[in-house]
Visitor: 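Mind looking over this structure? Questions follow.
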There are 2 protein chains.
Amino acid sequence: MADNPLTPSERARVGLWLRLARCYNLAMRDLRAGLREECTMPQFDVLAQLERSPEGLTFSALSEKLLVTAGNLTGIVDRLEKQGLARRETNPADRRQTFIKLTDKGREYCDKIIPQHTHDIAKLFGGLSDNAVQNLRADLEQLSTMLSKQVEHAET
Amino acid sequence: MADNPLTPSERARVGLWLRLARCYNLAMRDLRAGLREECTMPQFDVLAQLERSPEGLTFSALSEKLLVTAGNLTGIVDRLEKQGLARRETNPADRRQTFIKLTDKGREYCDKIIPQHTHDIAKLFGGLSDNAVQNLRADLEQLSTMLSKQVEHAET
DNA sequence: TGTGGATACTTTAGGTTTATATAGTCACTT
DNA sequence: AAGTGACTATATAAACCTAAAGTATCCACA
């Protein structure tokens, strides 16, 4: 059994990561249950992005925003298309690209489901004071930009 | 287009959730890459739990700790068993229960891979000061207990 | 001694995710 | 004008994940 020079500083960072993951999973579980019977979480994420971009979004744009691989989006968009909520539209100027857009039905659907989901989120985090929310939000904003840099740097 | 009474307070909570999810996904992506070729993240999570419990863990205990459904664990443990890293052991006192334990090979494997993963985490979060880590860790701890209560309460 | 209810794991069906491979398209170079 | 390399979307296999239904076991109580 190799004696393991685990410094307090390392231990604290592991603890940070475990708690971050736990919060994410707890919230995810609750919010998924709120959407159930409506649509899946990844499908909702795509719809919510499309709703903000009436001009449509390409697979790569969605991929960056949602931190999901483009290969993955193929299937999600397939299912949204099958439900009549979204549609593909090839870019005539660059036939490699495909714009994904909401259908009218998809837009109606968003008008219903986005406020509902927003309400679920507000309720789930309702136990925090507005002040605590502001602080945590700012800290996580800072953390996410740090992580972006870190990951980007590690790739090179 | 229904005009949408989205209060600043709600908006802030949605922002908190989006940033939490973004941090989780960024970190997950990086840490998964560090484990690749070794084992998958869910398999690692199970191994790390087993390593702390030499007496073994039941599916339900693992399910609670990892926030993963028991049905899901069946497959993960199957794969660990196939790799010779873990084994099932029926509880003679209650034959409904199964203890999952590390094999010797599994223990050796953990001795190697856990410190490596710990190092990856420490490096990924290395950009934060020890102080910032402590604060964020405490805030997330508080958030996770609040979410647990909230979810539990919602179930009733 | 049954019998009903609870518990523990497995199974099934539908989705999601990653990694990898493939093919079409475009821009730029030679 | 053809070739190279990069970008975009798709296809596939293996793993993961949830919810819900199914099976075996245990326990309390009549």
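Residue numbering restarts at 1 for every chain, and letters A, B, ... go by the order of the sequence lines.
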Visitor: Checking A/Arg19 side chain against A/Gly15 main chain: does a donor-acceptor pair fall under 3.5 Å?
Guide: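 Answer holds: yes.
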Visitor: Counting any heavy atom closer than 4.0 Å, what does A/Gly75 reach on the DNA or RNA strands: base, sugar-phosphate only, or nothing?
Guide: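 Touches nothing.
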Visitor: Between B/Phe99 (CZ) and C/dA8 (P), how many Å, whole number?
Guide: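 Taking CZ of B/Phe99 and P of C/dA8, I get 11 Å after rounding.
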Visitor: Under 4.0 Å between any heavy atoms, over every strand shown, what does A/Ile76 touch: base, sugar-phosphate, or nothing? Just pick one.
Guide: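 The residue A/Ile76 makes sugar-phosphate contact but no base contact.
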Visitor: OP1, OP2 of C/dT16 versus side-chain N and O of A/Asn72: anything below 4.0 Å?
Guide: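 Looking at the OP1 and OP2 atoms of C/dT16, neither is under 4.0 Å from any side-chain N or O of A/Asn72.
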Visitor: Taking atom P of C/dT17 as reference, at what distance in whole Å does atom CZ of B/Arg36 sit?
Guide: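 About 18 Å, once rounded to whole Å.
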Visitor: Under the side-chain contact (heavy atoms from CB on, under 4.5 Å) rule, what do A/Asn91 and A/Thr58 come out as? Steps first, then yes or no, please.
Guide: CA-CA 9 Å; A/Asn91 181 357; A/Thr58 63; over 6 Å; no
Visitor: Could you check which of D/dT10, C/dC9, C/dT10 has an atom nearest any side-chain atom of A/Thr74?
Guide: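 The nucleotide sitting nearest to the side chain is D/dT10.
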Visitor: Could you check whether any side-chain heavy atom of A/Leu128 comes within less than 4.5 Å of a side-chain heavy atom of B/Leu143, counting everything from C-beta outward?
Guide: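 Of all side-chain heavy-atom pairs linking B/Leu143 with A/Leu128, at least one is under 4.5 Å.
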Visitor: Tell me: CG of B/Leu35 to C1' of D/dA15, nearest whole Å?
Guide: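 Answer to the nearest Å: 15 Å.
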Visitor: Evaluate the criterion side-chain contact (heavy atoms from CB on, under 4.5 Å) for residue pair B/Trp17 and A/Leu31; output intermediate values, then yes/no.
Guide: CA-CA 10 Å; B/Trp17 164 238; A/Leu31 296 176; 3.5 Å; yes
Visitor: Heavy atoms, side chains only, cut-off 4.5 Å: are A/Asp78 and A/Arg88 in contact?
Guide: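 Of all side-chain heavy-atom pairs linking A/Arg88 with A/Asp78, at least one is under 4.5 Å.
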Visitor: If you check every side-chain atom of A/Gln97, which of C/dT11, C/dT16, D/dA9 has the closest atom?
Guide: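 Out of C/dT11, C/dT16, D/dA9, the nucleotide with an atom closest to A/Gln97's side chain is D/dA9.
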Visitor: With a 4.0 Å cut-off on heavy atoms, is A/Thr98 in touch with a base, just the backbone sugar-phosphate, or nothing at all?
Guide: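 Sugar-phosphate contact only - A/Thr98 comes under 4.0 Å of backbone atoms but never of a base.
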Visitor: State which of C/dA8, C/dT10, C/dT17 makes the closest approach to the side chain of B/Ser60.
Guide: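 Selected nucleotide: C/dA8.
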Visitor: Picking from C/dA8, C/dC9, C/dC26, which would you name as closest to the side chain of B/Arg96?
Guide: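 It is C/dA8.
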Visitor: Taking atom P of C/dT16 as reference, at what distance in whole Å does atom CG of A/Asp78 sit?
Guide: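 It is 10 Å, rounded to the nearest whole Å.
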Visitor: At under 4.0 Å between heavy atoms, what does B/Leu62 touch on the DNA or RNA strands: base, sugar-phosphate, or nothing?
Guide: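 The answer is nothing, as B/Leu62 stays clear of every strand by at least 4.0 Å.
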Visitor: Please pick, from D/dT10, D/dT18, C/dT16, the nucleotide with the shortest atom-to-atom distance to any side-chain atom of A/Pro42.
Guide: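 For the A/Pro42 side chain, the nearest candidate turns out to be C/dT16.
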Visitor: Select from A/Ala33 and B/Gln43 the residue whose nearest nucleotide in DNA chain D is closer to the 5' end of that strand.
Guide: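 By nearest-heavy-atom nucleotide position, the 5'-most residue is B/Gln43.
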Visitor: Would you classify B/Thr40 as touching base, sugar-phosphate or nothing, given that sugar-phosphate means primed atoms plus P, OP1 and OP2, and contacts are heavy atoms under 4.0 Å?
Guide: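 Sugar-phosphate, no base atom in range.
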Visitor: Kindly indicate whether the side chain of A/Arg95 and the base of C/dT25 share any N or O donor-acceptor pair separated by less than 3.5 Å?
Guide: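 It does not, because no donor-acceptor pair links the side chain of A/Arg95 to the base of C/dT25 below 3.5 Å.
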Visitor: Nearest whole Å is fine: how far is C/dG14 P from A/Gln83 CD?
Guide: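 Distance check: A/Gln83 CD to C/dG14 P gives 14 Å.
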Visitor: A/Leu73 CG to D/dT8 C1': how many Å, rounded?
Guide: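 Those two atoms, CG and C1', are 12 Å apart.
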Visitor: Mind checking if B/Asp94 touches a base, just sugar-phosphate, or nothing, with heavy atoms under 4.0 Å?
Guide: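 Counting heavy atoms under 4.0 Å across all strands, the contact made by B/Asp94 is with sugar-phosphate only.
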Visitor: Under 4.0 Å between any heavy atoms, over every strand shown, what does B/Thr69 touch: base, sugar-phosphate, or nothing? Just pick one.
Guide: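 If one applies the 4.0 Å heavy-atom cut-off, B/Thr69 turns out to touch a base.
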Visitor: Both A/Arg79 and A/Pro92 contact DNA chain C. Which one's nearest nucleotide lies toward the 5' end?
Guide: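 Its nucleotide being nearer the 5' end, the pick is A/Arg79.
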Visitor: Starting from P on D/dA19, measure out to CG on A/Asp30 and report it in whole angstrom.
Guide: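 To the nearest whole Å, that distance equals 11 Å.
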Visitor: Could you give the CZ-to-C1' distance, from B/Arg29 to C/dA19, as a whole number of Å?
Guide: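 After rounding, the gap between these two atoms is 13 Å.
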Visitor: Would you please test A/Gln43 and A/Gln83 for side-chain contact (heavy atoms from CB on, under 4.5 Å) and show each step?
Guide: CA-CA 11 Å; A/Gln43 288 172 11; A/Gln83 295 169 63; 3.5 Å; yes
